[in-house]
Structures are given as structure tokens and as C-alpha cells.
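See below for the structure under consideration.
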Amino acid sequence: MANVKKQNIFARYFENFGLRQICDMMMVAGAILLIVGLSISAASLSASLIVLGVGLGIYIVASGLAIVRAVLVLTSKINHRAPEYKRAIVNTVIMGVIFALAVFALIYLLVF
């Protein structure tokens, strides 16, 4: 018991690297691109629109992967009273809303 080293939060988060971490990193990258796209000056409007489009595209892919991950949990042989099952339902709804907003925003951006 004395030989067990404490791990920091980052080491525990990346210990079982998988689809969850990929989705989270893509969401962070999309958020950074959206912030950068909004902060680019109006003088370079085309560059701003390109950065915003890429950021929204990343958000669409990341939220789609998160929905797939939650649906895989829902379709598994897990107990319906388990916290993971309830968390998957909540994640499906939240990521579905984010997915719909990102698709709407990308369509609006392309029409604009």
C-alpha cells in the first residue's frame, strides 16, 4: 500500500485513452477555433468565416462521435438503473442539442 503512487488528474484522465478523450480534445479544439474565428478582425472576414466553419465542423464531428459513444452504452447489456446508463441518456440529449446547433450554425454560416 505504501508503494502506490498518487496520480495527478491528467494521468488518470489519459490512463484509458479512447473515444471519450478524442471527443473531449476535439471539443476543446473546436471551441478554441470558434473563439479565434470570432476574435479575428472584420478586415479579414473571409479568414474569419473559414476559421468559424472549421471550428463548427470539428464540433459537428465531435458531438456526433459523443452521440455514437452514448448510444453504444445505451445498446449494451447494462442495467437500466446503473449510473452509466442514466449518464448516457443525459449525454445523448446534450450532445444532440449541441450537434443540432452546430449544424444550424454551419448552414447559416455557409448561406451568409
Side-chain angles (χ1 to χ4, degrees):
M1 195 88 172
N3 293 335
V4 177
K5 291 171 48 176
K6 286 177 91 175
Q7 289 182 337
N8 63 11
I9 191 167
F10 297 114
R12 280 185 283 153
Y13 180 74
F14 289 109
E15 190 173 70
N16 296 324
F17 191 80
L19 191 58
R20 176 178 177 224
Q21 286 79 13
I22 292 171
C23 291
D24 291 345
M25 285 189 287
M26 288 178 69
M27 287 283 202
V28 169
I32 291 170
L33 282 174
L34 288 175
I35 291 169
V36 168
L38 289 174
S39 64
I40 292 177
S41 67
S44 59
L45 185 61
S46 62
S48 175
L49 293 177
I50 290 171
V51 172
L52 286 173
V54 170
L56 287 170
I58 289 175
Y59 250 94
I60 290 170
V61 171
S63 60
L65 284 174
I67 290 171
V68 167
R69 193 182 83 220
V71 168
L72 288 175
V73 171
L74 291 174
T75 58
S76 67
K77 303 273 185 201
I78 194 169
N79 186 2
H80 296 305
R81 294 184 180 179
E84 294 85 11
Y85 186 83
K86 293 178 181 179
R87 194 176 314 125
I89 292 173
V90 171
N91 286 343
T92 304
V93 172
I94 291 171
M95 287 300 148
V97 170
I98 290 173
F99 181 80
L101 285 173
V103 168
F104 175 75
L106 185 63
I107 291 171
Y108 183 77
L109 184 71
L110 293 175
V111 171
F112 176 66

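Nothing fancy with the numbering, it's 1 onward along the sequence.
Taking hydrophobic clusters as Ile, Leu, Val, Met, Phe, Trp and Tyr residues chained together by side-chain heavy-atom distances below 4.5 Å, Ile32 shares a cluster with Ile40. Note on Val51 and Val28: same hydrophobic cluster, where clusters join Ile, Leu, Val, Met, Phe, Trp and Tyr whose side-chain heavy atoms are under 4.5 Å apart, directly or indirectly. Both Leu38 and Ile107 belong to a common hydrophobic cluster when Ile, Leu, Val, Met, Phe, Trp and Tyr are linked at side-chain heavy-atom distances under 4.5 angstrom. Tracing side-chain contacts under 4.5 Å through hydrophobic residues (I, L, V, M, F, W, Y), one reaches Ile22 starting from Leu33; they form part of the same cluster. Residue Leu110 is grouped with residue Leu52 when hydrophobic side chains (ILVMFWY) are merged at heavy-atom distances under 4.5 angstrom, including chains of intermediate members.
Within a 6.0 Å sphere centred on CZ of Phe17, heavy atoms belonging to other residues, nucleotides or ligands number more than 12.
Contact annotation: the side chain of Met27 approaches that of Ser63 to within less than 4.5 Å [non-hydrogen atoms, C-beta and beyond].
Between Ala70 and Ala88 the shortest heavy-atom distance is CB-O, 3.6 Å. Nearest heavy atom pair, residue Ala102 against residue Ile60, reads CB-CG1, 3.6 Å. Closest non-hydrogen pair, Leu19 versus Arg69, comes out as CD2-CB, 3.8 Å. Residues Cys23 and Ala66 come closest through the heavy atom pair SG-N, 3.7 Å.
Remark: of the listed residues Arg20, Met26, Met95, Met26 is the sole one forming a side-chain contact (heavy atoms from CB on, under 4.5 Å) with Leu65. When the options Leu56, Val54, Val61 are evaluated for a side-chain contact (heavy atoms from CB on, under 4.5 Å) with Ile58, the one that passes is Val54.
Between the side chain of Ser48 and the backbone N or O of Ser44, no donor-acceptor pair lies under 3.5 Å.
The line from CG of Leu49 to CG of Leu45 is 4.5 Å long, rounded to the nearest 0.5 Å. Between Tyr59 atom OH and Leu106 atom CG the span is 14.0 Å, to the nearest 0.5 Å. For the atom pair CD1 of Ile67 and CD1 of Ile94, the computed distance is 11.0 Å after rounding to the nearest 0.5 Å.
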